[in-house]
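Below are the structure tokens for one structure; questions will follow.
The analysis underlying the following values was restricted to heavy atoms, covering all of them including side chains, and did not include hydrogens, waters or symmetry mates. Below, chain A is the first sequence line, B the second, and so on; all start at residue 1.
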Number of protein chains: 2
Amino acid sequence: MSEHSPLLPVPRSAELLATDAHPLVRRGRPALVDPATLAACALDLFVEKGYAATRLEDVALAAGVSKGTLYLYFDSKAALFAAVVRQGLVPALAGGEALVDSHRGSGADLMRELLWGWWRLIGATRLGGLPKLMVAEARNFPDIAELYHREVMARGCALIGRAIDYGHARGEFCVAGDPCTVQAVMAPLLLRVLMKHSFGCVDHAAPEDDPSAAAQAESTDIAAAIEFVIRALEHD
Amino acid sequence: MSEHSPLLPVPRSAELLATDAHPLVRRGRPALVDPATLAACALDLFVEKGYAATRLEDVALAAGVSKGTLYLYFDSKAALFAAVVRQGLVPALAGGEALVDSHRGSGADLMRELLWGWWRLIGATRLGGLPKLMVAEARNFPDIAELYHREVMARGCALIGRAIDYGHARGEFCVAGDPCTVQAVMAPLLLRVLMKHSFGCVDHAAPEDDPSAAAQAESTDIAAAIEFVIRALEHD
DNA sequence: GCTTTTAATGACTGAATGTTCAGTTAATAA
DNA sequence: TTATTAACTGAACATTCAGTCATTAAAAGC
């Protein structure tokens, strides 16, 4: 049996794992690429075309390496996909957790900051393609779905749940942060980002050709969606 | 150029299109299957495994025919997919439209009936797999995405929008039925059905092994989600 | 029976693509 | 210089599967 999960990156030589302070002398040809770059290129293509329709040859081409090189860093296409998910979303959660810990104002303001932060960091960036990718492929990759569920969804839900509980404890919100409420709170933004990356449309009457006007309309929509869920939390 | 779109079912002999009142005499071997059955079997597999991972041979096997037979009724895999979408969801919309036309009570009650109806007819059945399928495959099949957007999403949004406007006109809802609000209203139920058909979980603490308890917990969650959006609509 | 017509089959094909690996390149160590 | 090691390459391989088609089956008309 292999020493590492088939979904984890292939370990490179020990030198690459050494600290920068003591870069052990290396022999052989220096690496031209690093796994993070490959995963970043793969993210773009996975998000744009979906998992099945993304050819490893295109990922390699985008990263400026050959197809064979991919297999030096990732055991398989699925392992590359796992790396994309892990590298893309897990780091984005820390910021939100710090925000909830340090907040002192109203629950509504905390919720606004959290949801706007999520939108800026994930919804409005290419990372927004990952939720759609996971919805599309979770059934085909139970291991990766489990990773996503555990490392991303569970942590994210706990985060939002704590924010709702915060407002509830202050008497501002009429419900506690149970999973069902958390899902209802995230739903409008999540659905919007899913639509954006699948149908490519967001179904409002904004002009498609003027990018600044579209961005303006998007901000208005996000604000409306956020205020919508805050109304639901605050009622009475 | 062919007389029919490649995404439409292959027309059968004229006799099959004749009314039951005047079934013209037919020659040759009678058909053992009908396209609707094939599409129904394909729905199950598409929903379960996704488009790319569903092999036409398995669809044929599930329907009790051979792979070649599929091509007597559908030009291609994409055409079969289109038929699945059209046959599955377009008919389900008429009921909701009648409901909005005939309703006379409060806006909140209309919304409850609409959302519960959607859940019973789509969310809780295998048809609930279609939204996930469309989110997953829209980019790969622009034609089918356009069909879905026009025949399903646009009509559904108009429906919900009219219901919100109804409550708004009665002074019960604080917002009108613009597309952004419609999306926020549908979001919790849609997201839940997307999760159900991708991750297979709904992230609440209910026991997975007891089906009746799970159904009970699901009803409670749906009710909570519906009351959540109604609070957001009613505020003040 | 025999012919005609439609339905159905399933082995086959061809294209696409994930994966492998023998060989090449570029660096360090002796 | 030469040996050694690691990174990299890309053609070849193996598999999967949508789509085809020659053949067989079953009904109706004569």
Side-chain angles (χ1 to χ4, degrees), chain A residues 2 6-7 9-18 23-35 37-38 41-42 45-46 49-83 137 140-141, chain B residues 2 6-7 9-18 23-35 37-38 41-42 45-46 49-83 137 140-141:
Chain A
S2 170
L7 295 185
V10 177
R12 301 310 299 273
S13 58
E15 287 78 3
L16 283 179
L17 301 175
L24 301 182
V25 283
R26 297 185 55 270
R27 298 179 52 124
R29 187 176 177 177
L32 298 178
V33 292
D34 70 307
T37 304
L38 299 179
C41 292
L45 287 167
F46 280 147
K49 306 160 85 74
Y51 180 84
T54 296
R55 289 177 301 142
L56 289 187
E57 202 155 6
D58 290 340
V59 175
L61 194 69
V65 297
S66 74
K67 200 162 51 153
T69 301
L70 282 180
Y71 281 87
L72 297 176
Y73 296 91
F74 303 100
D75 272 343
S76 64
K77 192 181 185 182
L80 175 62
F81 184 34
E137 304 295 342
N140 296 112
F141 301 97
Chain B
S2 170
L7 296 185
V10 177
R12 299 310 300 274
S13 56
E15 287 79 2
L16 283 180
L17 301 175
L24 302 181
V25 284
R26 296 184 56 268
R27 297 181 50 124
R29 190 177 176 176
L32 297 178
V33 293
D34 71 307
T37 303
L38 300 178
C41 291
L45 287 167
F46 280 147
K49 306 160 85 73
Y51 180 84
T54 296
R55 289 177 300 143
L56 289 189
E57 203 153 6
D58 288 340
V59 175
L61 194 68
V65 298
S66 72
K67 191 163 63 151
T69 302
L70 280 181
Y71 283 87
L72 297 175
Y73 296 90
F74 303 99
D75 272 342
S76 65
K77 193 180 184 182
L80 175 61
F81 184 35
E137 304 296 342
N140 297 113
F141 301 97

- Could you state the atom-to-atom distance from CG of L72(B) to P of dA26(D) in whole Å? 16 Å
- Message: Less than 4.0 angstrom between a side-chain N/O of Y73(B) and OP1 or OP2 of dA8(C), yes or no?
- Response: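 Indeed, a polar side-chain atom of Y73(B) lies that close.
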- Message: According to side-chain hydrogen bond (donor to acceptor under 3.5 Å, both in side chains), who are the partners of T54(A), at least two apart in sequence or on a separate chain?
- Response: none
- Task: Consider the side chain of L56(B), meaning its heavy atoms from C-beta on, and name the nucleotide among dG19(D), dT9(C), dT19(C) that approaches it most closely.
- Result: dG19(D)
- Rounded to the nearest 0.5 Å, how far does CG of L56(B) lie from OG of S76(B)? 9.0 Å
- Task: Please report, rounded to the nearest Å, how far the C1' atom of dA16(C) is from the NZ atom of K49(A).
- Result: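 Those two atoms, NZ and C1', are 13 Å apart.
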- Message: With rounding to the nearest 0.5 angstrom, report the OH to NZ distance, Y71(A) to K77(A).
- Response: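 Reported to 0.5 Å precision, the distance equals 8.5 Å.
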- Taking only residues two or more places apart in sequence, or in another chain, which ones meet A52(A) in a side-chain contact (heavy atoms from CB on, under 4.5 Å)?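 Partners of A52(A) by the side-chain contact (heavy atoms from CB on, under 4.5 Å) criterion, ordered by chain and then number, come out as A52(B).
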- Query: In whole Å, what is the span from the CZ atom of R55(A) to the P atom of dT15(D)?
  - Reply: 21 Å
- Task: List the steps and the verdict of ring-ring contact (aromatic ring centres under 6.0 Å, His included) for F81(B) and F74(B).
- Result: CA-CA 9 Å; F81(B) 184 35; F74(B) 303 99; over 10 Å; no
- Under 3.5 Å, is there a donor-acceptor pair between the side chain of N140(A) and the main chain of K49(B)?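 Pair found, side chain donor or acceptor close to backbone of K49(B).
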- Query: Between dT9(D), dA8(C), dT19(C), which nucleotide has the shortest distance from any of its atoms to the side chain of K77(A)?
  - Reply: dT19(C)
- Whole angstrom value for the distance that separates P of dG18(C) from CZ of F81(A):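 The answer, rounded to whole Å, is 14 Å.
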- Message: I need a per-nucleotide contact map over nucleotides 23-30 of chain C, read 5' to 3'. Cutoff is protein heavy atoms under 4.0 Å; write B for the base, S for backbone only, - otherwise.
- Response: --BBBBS-
- Message: Quick check for you: to the nearest 0.5 Å, what is the distance between C41(B) atom SG and L70(B) atom CG?
- Response: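 Separation between the atoms: 9.5 Å.
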- Of all the heavy-atom pairs spanning K67(B) and E57(B), show the shortest one and how long it is.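 Looking at all heavy atoms of both residues, the shortest contact is CD-N, 4.0 Å.
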- Message: Output the rounded distance in Å from CG (L70(B)) to C1' (dG10(C)).
- Response: 13 Å
- Hey, can you pull the residues of residues 57-67 of chain A with a non-hydrogen atom under 4.0 angstrom from DNA chain C?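 Those residues are K67(A).
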- Query: Would you say the side chain of V33(B) lies within less than 4.5 Å of the side chain of T69(B), judging by non-hydrogen atoms?
  - Reply: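 Yes, side chains in contact.
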- Okay, side chain of Y73(A), backbone of L80(A): is any donor-acceptor separation there less than 3.5 Å? no
- Query: Where the side chain of Y71(B) is defined as all heavy atoms beyond and including C-beta, which of dT20(C), dT9(C), dG19(D) is the nearest nucleotide?
  - Reply: dG19(D)
- Query: Sequence neighbours excluded, which residues qualify as salt bridge (Lys or Arg N to Asp or Glu O under 4.0 Å) partners of R55(B)?
  - Reply: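 By the salt bridge (Lys or Arg N to Asp or Glu O under 4.0 Å) rule, R55(B) matches D58(B).
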- Task: Quantify the bending of the helix from dG1(C)-dC30(D) to dA30(C)-dT1(D) as the angle between its end axes, each fitted on five pairs, to 10°.
- Result: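 End-to-end axis angle for the helix from dG1(C)-dC30(D) to dA30(C)-dT1(D): 10°, rounded to 10°.
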- To the nearest angstrom, the CZ-C1' distance between F74(B) and dG19(D) comes to 15 Å
